[in-house]
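To start, the structure itself, in structure tokens.
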Amino acid sequence: MVWTTTPDTSRPVADALAVLAWTLLSTFAMSGLTRRRPAARPVSVTVKPEIHIPTVPTAPADQQPHNG
């Protein structure tokens, strides 16, 4: 919006100011990403790779075969 309302001779200056503002604000916003506090003590994680398959009790099968 600023670029379209400025005169033709001042548009490069408006572009430069917009890029400069974008760069400064982005640098300020992104600077906190690398400044994380380390944890007070490392967390110990115990991994036990197990597969649990629940069994469903089934009805006892007939002892004699079915005759058709």
Side-chain angles (χ1 to χ4, degrees):
M1 289 177 19
V2 173
W3 188 77
T4 58
T5 58
T6 56
D8 290 336
T9 56
S10 300
R11 285 186 180 175
V13 175
D15 288 340
L17 288 175
V19 168
L20 181 64
W22 188 283
T23 303
L24 289 175
L25 292 174
S26 296
T27 303
F28 177 71
M30 297 293 184
S31 67
L33 293 178
T34 58
R35 296 181 184 164
R36 299 192 187 275
R37 286 190 288 165
R41 60 187 130 122
V43 178
S44 63
V45 177
T46 304
V47 178
K48 296 180 182 178
E50 299 176 352
I51 299 174
H52 297 281
I53 301 173
T55 58
V56 179
T58 58
D62 292 336
Q63 297 298 326
Q64 298 177 359
H66 294 282
N67 292 334

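Numbers for residues simply follow the sequence, beginning at 1.
Residues passing the side chain to side chain contact (heavy atoms under 4.5 Å, CB included) test with V47, sequence neighbours excluded: V45, P49.
Other cluster members for V19: none, since no ILVMFWY side-chain heavy atom sits under 4.5 Å from it.
Atom-to-atom distance recorded for D15:CG and L20:CG is 12.5 Å, nearest 0.5 angstrom.
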